[in-house]
Number of protein chains: 2
Amino acid sequence: MTITLRIPDIDADDLPLEEQAYRRLRQALMEGIFSPGDKLSIRRIAEALGTSPMPARTALRRLATEQALDALPSGTVLVPRLTRAAFREVSAIRAELEPLAIRLAATRVDARKLDALTAVVAEHDAARAAGRPEVYLQKDREFLFGLYREADAPMLLSMIEALWLRRGPLFWDARWILMGRPPQAAHRHELMLAALRRGAGEEAAQELKTEIERMTAFLIDAVQFEGEASAAPRPIRRRQSAAR
Amino acid sequence: MTITLRIPDIDADDLPLEEQAYRRLRQALMEGIFSPGDKLSIRRIAEALGTSPMPARTALRRLATEQALDALPSGTVLVPRLTRAAFREVSAIRAELEPLAIRLAATRVDARKLDALTAVVAEHDAARAAGRPEVYLQKDREFLFGLYREADAPMLLSMIEALWLRRGPLFWDARWILMGRPPQAAHRHELMLAALRRGAGEEAAQELKTEIERMTAFLIDAVQFEGEASAAPRPIRRRQSAAR
DNA sequence: ACACGGCAAATGTGATCACAAAGATCGGAC
DNA sequence: GTCCGATCTTTGTGATCACATTTGCCGTGT
């Protein structure tokens, strides 16, 4: 890891440094600041964050605890490189938990929220048309987590966040691939919204489960996973400048 | 919290102190050393563990990250007191994740393992007959996690462990209630084993889902939850000496 | 090319300290 | 009795340090 880190700032100056560090690192994981396999040393992260090592150390340990990062027996912390099996596992868990969140949200979400999320879907599709994968991924997240928060199920939300963090770097690497799918194949968010408007939570949950399963099947064939020989050129693994 | 802590020792002297602390605290959560609502101060835990504050601090932060403990905005760490809604949430997540683990395990588990787990079921029932709730809870855990480990799904296992940790103290408090249920109502482990022997993973998963849902319905009516008026005498909330 | 050994640098961990903030206690007023 | 303010104690956080372990680099041999 020889590239200068540009870890995002966040607007939370009144929180303890350790919490700020944690949140900034979470965001960095979702936004491609790190690549799969990167080694995160406490001192280097602390320097990048502009703190002493303690907050960085705590934040890294917290992220390892929730499996957003991998910790080796030596204590070294790495950005996860997912094997094919690990990616399947994450997806299988998502396919159970995220529909559950939708079912719970369906009993609580109101029309105003659904309208707001309709606008997010439009922005999601616009980002796709404009060729802005970073915005595309961010709108996908904004849509789904907008719904999951309606579930008012804090532990479930935290678990889903951990799943997204774990596969965040891989998704970032695959962002052009993901965005290159035809719109009707890429997501079923309109279908979900339509179902939710009819009060059909189970149907919306099923649409999401299908979306996750199909995205998994698509990426399984499209991505180079850890531990597999290079039968094709490696997908682009380096960061480009963030478009946002 | 005025009672002297007796945190379990573990057999892992070659691990870093922080990892030992973490594991010991996890075990303590499952075994009723703490009660819901207990405040865990870094210094007091460190003293009970016989370490400096650092390993205790890290362990407590890790446990808070995975929601085994609750952290207040001040940084104070508490043993969770589950509201009725929180207990329902934990159970709903369990009802999704644990059957998934069974389905995955069903494709891999062999007859030797099933035989070993058959013995655990017998010990589970013997503990019930002997009126030893601590062993009863431990055998329940041994049986189910024996299966979940067969799934070879590390993140799923970690998530299930976090769920069990979160509701560990409440279950400990309810151990006599749980053990007092008639055997055929208490669990469906024999049914699960029978299905797994036939290679019917989906059926075993469904038996477990039913077990979780019924146990939830039973406990919802039997337990005093946080934030609810005392319409009945509070259940015993203090530790008795561990029988093991 | 690879493997091994030696050495220096980097690293994670535990210990300790200072300090601001949170929490507990006490006394007085109503 | 309750409530409030003052004071003291405890607490969590961040900083820093020492040290054992790990990692990386270089040179040598095959």
Basic-acidic side-chain contact under 4.0 Å: Glu47(B), Arg44(B): no

Could you state the CD-C1' distance from Glu47(A) to dT11(C), rounded to the nearest angstrom? 14 Å

Taken to the nearest whole Å, CG/Leu78(A) to C1'/dT11(C) is 13 Å

Rounded to the nearest 0.5 Å, what separates atom CD in Glu66(A) from atom CE in Met159(B)? 9.0 Å

Between P of dT13(D) and CG of Asp14(A), the distance in whole Å: 15 Å

Using a strict 4.0 Å threshold on nitrogen-to-oxygen distance, state whether Asp70(B) and Arg166(B) make a salt bridge. yes

Once you build an axis from the first five pairs and another from the last five of the helix from dA1(C)-dT30(D) to dC30(C)-dG1(D), how far apart in angle are they, to 10 degrees? 40°

Between Glu19(A) and Arg23(A), is there a salt bridge with N-O shorter than 4.0 Å? yes

Quick one about Thr65(B) and Thr65(A) (side-chain donor to acceptor, distance below 3.5 Å, no hydrogens or angles considered), yes or no? no

Between dT13(D) atom C1' and Arg62(A) atom CZ, what is the distance in whole Å? 13 Å

Pairs: protein N or O with nucleotides 12-15 of chain C N or O, under 3.5 Å:
| unit_1 | atom_1 | unit_2 | atom_2 | d |
| --- | --- | --- | --- | --- |
| dG12(C) | OP2 | Ile42(A) | N | 3.1 |
| dG12(C) | N7 | Arg43(A) | NH1 | 3.0 |
| dG12(C) | O6 | Arg43(A) | NH2 | 3.0 |
| dT13(C) | OP2 | Arg61(A) | NH2 | 2.6 |
| dG14(C) | OP1 | Leu17(B) | N | 2.2 |
| dG14(C) | OP1 | Glu18(B) | N | 3.1 |
| dG14(C) | OP2 | Glu18(B) | N | 3.4 |
| dG14(C) | OP2 | Glu18(B) | OE1 | 3.4 |
| dG14(C) | N7 | Arg57(A) | NH1 | 3.4 |
| dG14(C) | N7 | Arg57(A) | NH2 | 2.7 |
| dG14(C) | O6 | Arg57(A) | NH1 | 3.1 |
| dA15(C) | OP2 | Ser52(B) | N | 3.0 |
| dA15(C) | OP2 | Ser52(B) | OG | 2.3 |
| dA15(C) | O5' | Ser52(B) | OG | 3.3 |

Could you tell me which residues satisfy side-chain hydrogen bond (donor to acceptor under 3.5 Å, both in side chains) with Arg57(A), sequence neighbours excluded, listed by chain and number? none

Do you see a donor-acceptor pair shorter than 3.5 Å between the side chains of Tyr22(B) and Arg26(B)? yes

Tell me whether the NZ or CZ atom of Arg167(B) lies within the 45° cone about the ring axis of Trp164(B) and under 6.0 Å from its centre. yes

